[in-house]
Amino acid sequence: MKTSQILLTITVAAALPTFLALAAEDSPIKKAMQSVHKAPKTEEKLSDKIIAGTATAEEKQTAFALYKGMAEGKAPKGDDGAFKVKVGKLITATSDVIDGKPGAIEAYKKAVNCKACHSEHKPD
């Protein structure tokens, strides 16, 4: 092996753990939680705006897209099938809110129950 190939291999091997840690931080689940379920103290959470009926069409679409991104991944902890069911209910409820279907806000409130998902699927 040439010196340049050895250096490249060492560099890649050294950078891999950092890359994997950064990738985990930007997971679709974390992105959705940060964008929809958290907000600075002076702002209302997007999930609360959806429930209150004050979210814009664009904000609802953003939440919908982020939830769909969550469904593409695997459960960080626990049964993956159960995780997919919960996320599927969240996606369906958000879609129904976007479409203005009767009972959609109530279904969204039920689907967005953080503890129900976190107790089974959030890593320690």
Student: Does any non-hydrogen side-chain atom of Lys86 lie less than 4.5 Å from one of Phe83?
Tutor: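 In short, these two side chains do not touch, never coming nearer than 4.5 Å.
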
Student: Is the closest side-chain heavy-atom distance between Lys31 and Met70 below 4.5 Å?
Tutor: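 When only atoms from C-beta onward are counted, Met70 and Lys31 do not touch, as no gap falls below 4.5 Å.
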
Student: Identify each donor-acceptor pair in which a side-chain atom of residues 92-114 lies under 3.5 Å from a protein atom, sequence neighbours left out, and give them as a table.
Tutor:
from, atom 1, to, atom 2, distance (Å)
Thr92, OG1, Gly88, O, 3.0
Thr94, OG1, Leu90, O, 2.7
Asp96, OD1, Lys101, NZ, 3.4
Glu106, OE2, Lys109, NZ, 3.4
Tyr108, OH, Tyr67, OH, 2.8
Asn113, OD1, Lys115, N, 3.2
Asn113, OD1, Ala116, N, 3.2

Student: More than 12 heavy atoms of other residues, nucleotides or ligands under 6.0 Å from NZ of Lys68: yes or no?
Tutor: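 Not more than 12 within 6.0 Å, no.
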
Student: Quick one: side chains of residues 40-52, donor-acceptor pairs under 3.5 Å with protein atoms, not counting sequence neighbours, listed by atom name and distance.
Tutor:
from, atom 1, to, atom 2, distance (Å)
Ser47, OG, Val36, O, 3.4
Lys49, NZ, Glu59, OE1, 3.3
Lys49, NZ, Glu59, OE2, 2.6

Student: Check whether any side-chain heavy atom of Leu66 sits under 4.5 Å from a side-chain heavy atom of Pro28, and report yes or no.
Tutor: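 The answer is no, as the side chains (C-beta and beyond) never meet within the 4.5 Å cut-off.
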
Student: If I take atom CD from residue Glu72 and atom CD1 from residue Ile29, how far apart are they, to the nearest 0.5 angstrom?
Tutor: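 Glu72 CD to Ile29 CD1: 11.5 Å, rounded to 0.5 Å.
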
